[in-house]
Trainee: 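Have a look at this one.
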Amino acid sequence: MKKTHITHDSLLLILLVAATFFFTSSSATSRNTDSKKKPLVPCKKLDLYFHDILYDGHNAANATSSIVASPVGGSGTRTALSPSFHFGDVIVFDDPVTLDKNIHSTPVGRAQGSYIFDAKSTYSVWLGFAFVLNSADYKGCITFAGAEPVTLKTRDVPVVGGTGDFFMHRGIATTSDEVVDGHLCVRVQIRFYECY
Amino acid sequence: MKKTHITHDSLLLILLVAATFFFTSSSATSRNTDSKKKPLVPCKKLDLYFHDILYDGHNAANATSSIVASPVGGSGTRTALSPSFHFGDVIVFDDPVTLDKNIHSTPVGRAQGSYIFDAKSTYSVWLGFAFVLNSADYKGCITFAGAEPVTLKTRDVPVVGGTGDFFMHRGIATTSDEVVDGHLCVRVQIRFYECY
Amino acid sequence: MKKTHITHDSLLLILLVAATFFFTSSSATSRNTDSKKKPLVPCKKLDLYFHDILYDGHNAANATSSIVASPVGGSGTRTALSPSFHFGDVIVFDDPVTLDKNIHSTPVGRAQGSYIFDAKSTYSVWLGFAFVLNSADYKGCITFAGAEPVTLKTRDVPVVGGTGDFFMHRGIATTSDEVVDGHLCVRVQIRFYECY
């Protein structure tokens with residue numbers, strides 16, 4: 001009978017231990033997920049717009065960006081190596097960030113940095129810039145770095161770091177753009193998958 | 001009696017299993033924390049200085065940095081779009097890194113990369129550079145990328161990667177600067193929160 | 001006898017619980033390791049080549065890269081601050097990526113971005129570029145950012161983000177180069193340690 005008895009308790013024990021195993025395993029995973037969120041479930045989301053007006057020599061007051069470099073020919077003079085796609089042009093920008101497509105909306109921060117046309121036979125840019133946010137909802141900076149193949153309707157760009165409310169964050173930004181009131185309006189939908 | 005007996009053992013079992021659950025859960029979390037440190041407790045810290053002397057046309061021997069690009073006007077000529085804040089200027093630098101504010105101290109490495117003035121109505125820069133360290137204490141590179149609003153007394157800049165002793169590291173650098181002996185001295189206090 | 005009996009079951013229980021503890025602990029760790037791989041065991045590897053032909057004023061059709069900026073002297077003219085090491089030169093590139101050293105092999109994508117000569121007394125560059133891959137095996141972008149001390153036979157460069165097949169990835173790229181058929185061929189061996 002003792003044997004049977006042990007078997008009985010052991011069975012209960014094994015079942016409970018098995019349940020414990022699965023429970024603690026998933027718990028450990030979810031704790032990990034709490035601190036460093038995994039795909040499909042962003043730990044934070046943002047949906048913002050920034051507005052770009054390129055300097056053309058006559059709009060210094062309104063311009064928010066400027067070409068600062070372009071291909072240099074063998075003689076040291078500037079040359080258009082791939083004029084159709086602006087290959088080699090470097091543009092620095094200081095663009096207002098808003099909650100909607102209206103450039104006159106109250107800005108919640110600035111998009112500041114540079115983009116570089118880096119394709120000879122299509123439009124594509126390298127992006128290195130930051131959102132510098134200072135609103136009631138968010139204070140802090142977000143670093144974007146990567147390729148943006150602008151001929152696609154939507155593009156994914158890596159978000160590689162942040163400060164303030166975005167301390168140590170990582171994620172993906174989906175960008176798209178349209179011309180609004182004559183200027184370039186870029187929508188940026190950020191999904192953070194690593195928050196702190 | 002068997003029922004009571006089972007209840008007795010089951011109670012013990014449940015208590016032990018419950019203890020196991022909390023113990024294994026926290027153990028799993030701390031293991032995760034061991035390999036990827038979370039906020040408030042940096043897994044590594046550095047406190048370094050770098051020294052910048054901008055090329056002015058007459059100091060080629062001592063200069064450690066140079067303007068390499070600036071806004072281009074509609075006519076293709078260089079123009080000062082926002083002269084007060086150097087908007088659009090791109091500066092490349094190769095600055096010595098030291099353990100203190102003395103530019104003549106033995107360097108432990110170089111700060112190499114570029115910064116871009118990217119604000120039209122205040123001073124702010126985009127930073128893309130690396131510490132290339134080669135000292136008795138540290139060998140390896142650290143990548144910095146992000147906004148540095150230089151009008152603030154201290155600024156936080158994302159540290160997004162590293163190599164060598166800083167393999168795969170991430171963290172935050174707090175920068176501040178002062179003029180020492182006529183040159184710009186930048187203090188960089190790095191706290192890594194992800195080490196390997 | 002009841003006491004003995006309890007002791008017997010309890011012993012079994014303690015052993016099983018202990019086993020459960022170690023099992024669940026290692027399980028939790030390995031789950032964590034599954035989702036975010038740690039050093040020594042990359043979660044993904046790539047071995048690719050890209051090919052660079054610098055624009056010299058006469059090869060616009062074949063050139064894949066161009067100097068776009070260089071040091072500006074006090075008078076506003078371009079000047080060679082450190083002519084031996086190209087200090088301050090900014091090069092934008094759009095280089096084909098292949099599976100071997102042959103520039104004529106079917107490209108699997110492009111290496112697009114910029115490098116900046118950022119050392120006054122040796123050769124070293126800052127790299128900010130992306131692999132934009134579009135092959136049968138891989139579709140997506142990989143962001144590289146950091147120092148590349150090109151005088152070393154092999155260099156480690158941080159991989160700080162990605163999209164598509166490389167969503168949220170991080171890792172290290174080991175680069176080396178050689179001149180093949182008159183052009184610069186760079187081998188890039190990527191080991192990702194964080195996959196999703």
Side-chain angles (χ1 to χ4, degrees), chain A residues 1 5 8-9 12-13 16-17 19-21 23-25 27-29 31-32 34-36 55-60 63-70 78 89-94 110-114 128-132 140-145 160-164 166-170 196, chain B residues 2 5-6 9-10 13-14 17-18 20-29 31-33 36 38-39 68-77 79 81-82 85 87-90 116-121 124-126 128 145-149 155-161 170-172 193-194:
Chain A
M1 175 192 156
H5 178 81
H8 182 103
D9 273 8
L12 183 67
L13 183 148
L16 276 168
V17 162
T20 305
F21 165 60
F23 190 36
T24 53
S25 293
S27 166
T29 301
R31 276 172 181 246
N32 182 37
D34 282 346
S35 57
K36 307 263 291 184
Y55 180 52
D56 63 6
H58 305 287
N59 60 347
T64 65
S65 65
S66 175
I67 298 175
V68 302
S70 51
R78 295 283 148 180
D89 285 359
V90 177
I91 290 89
V92 175
F93 59 98
D94 175 11
R110 311 293 296 184
Q112 297 175 321
S114 68
F129 78 102
F131 269 2
V132 181
C141 298
I142 302 168
T143 295
F144 304 79
V160 301
T163 63
F166 311 100
F167 175 84
M168 291 287 292
H169 285 36
R170 292 182 75 233
Y196 269 78
Chain B
K2 189 160 180 282
H5 177 81
I6 291 173
D9 273 8
S10 296
L13 183 147
I14 286 161
V17 162
T20 304
F21 164 59
F22 288 112
F23 192 26
T24 53
S25 294
S26 62
S27 168
T29 302
R31 277 171 181 246
N32 182 37
T33 308
K36 307 262 292 182
K38 293 301 179 299
V68 302
S70 51
V72 178
S75 62
T77 55
T79 183
L81 183 53
S82 167
F85 304 110
F87 176 74
D89 285 359
V90 177
I116 302 175
F117 285 99
D118 61 2
K120 253 186 102 182
S121 54
S124 193
V125 301
W126 164 266
E148 189 190 28
R155 296 81 62 167
D156 282 350
V157 177
V159 175
V160 300
R170 293 182 76 233
I172 298 287
Y193 294 100
E194 295 187 8

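Order of the sequence lines sets the chain letters (A, B, ...), proteins ahead of strands, with each chain counted from 1. Predicted model, so just to flag it, every value in this text is computed and none were measured.
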Trainee: Taking C-beta and beyond as the side chain, do B/Trp126 and A/Thr143 meet within less than 4.5 Å on heavy atoms?
Mentor: yes
Trainee: Quick check on A/Phe144 against chain B: is it the side chain, the backbone, both or neither that has a heavy atom closer than 4.5 Å?
Mentor: backbone
Trainee: Working to the nearest 0.5 angstrom, can you tell me the gap between A/Ser66 OG and B/Asp118 CG?
Mentor: 12.5 Å
Trainee: Could you pull out the closest heavy-atom pair between A/His169 and A/Tyr196, with the gap in Å?
Mentor: CE1-N, 3.6 Å
Trainee: Could you have a look at B/Gly146, B/Ser121, B/Gly88 and say which one has the most heavy-atom pairs with chain A under 4.5 angstrom?
Mentor: B/Gly88
Trainee: Which atoms of B/Ser82 come close to chain A, meaning under 4.5 Å heavy atom to heavy atom: side chain ones, backbone ones, both, or neither?
Mentor: neither
Trainee: Could you look at A/Ser65 and say if it's the side chain, the backbone, both or neither that has a heavy atom under 4.5 Å from chain B?
Mentor: backbone
Trainee: Could you tell me which of A/Val90, A/Val68, A/Thr64 has the largest number of non-hydrogen atom pairs under 4.5 Å with chain B?
Mentor: A/Val68
Trainee: Identify the two heavy atoms, one from B/Pro158 and one from B/Ile172, that lie closest to each other, and give their separation to 0.1 Å.
Mentor: CA-CD1, 4.4 Å
Trainee: Between B/Phe87 and chain A, which part of the residue has a heavy atom less than 4.5 Å away: side chain, backbone, both or neither?
Mentor: side chain
Trainee: Given a strict heavy-atom distance threshold of 4.5 Å, which part of A/Val132 is in contact with chain B: side chain, backbone, both, or neither?
Mentor: side chain
Trainee: Do any N or O atoms from the side chain of A/Arg170 and from the backbone of B/Val160 form a donor-acceptor pair under 3.5 angstrom?
Mentor: no
Trainee: Using a cut-off of under 4.5 Å for heavy-atom pairs, which of A/Ala63, A/Gly140, A/Ser70 has the most such pairs with chain B?
Mentor: A/Ala63
Trainee: So which heavy atom on A/Ser114 is nearest to which on A/Phe129, and how close?
Mentor: N-CB, 4.2 Å
Trainee: Who pairs with B/Glu148 by side chain to side chain donor-acceptor pair (under 3.5 Å), at least two apart in sequence or on another chain?
Mentor: B/Arg155, B/Thr175
Trainee: Specify which of B/Ala69, B/Gly128, B/Pro71, B/Pro149 makes the most heavy-atom pairs with chain A at under 4.5 Å.
Mentor: B/Pro71
Trainee: Side chain, backbone, both or neither: which part of A/Ala145 has a heavy atom under 4.5 Å from chain B?
Mentor: neither
Trainee: Of the listed residues (A/Ile142, A/Ile67, A/Ile91), which shares the most heavy-atom pairs with chain B below a 4.5 Å separation?
Mentor: A/Ile67
Trainee: Where does B/Val157 contact chain A at under 4.5 Å (heavy atoms): side chain, backbone, both or neither?
Mentor: backbone
Trainee: Not counting sequence neighbours, which residues clear salt bridge (Lys or Arg N to Asp or Glu O under 4.0 Å) with A/Asp94? List them please.
Mentor: A/Arg110
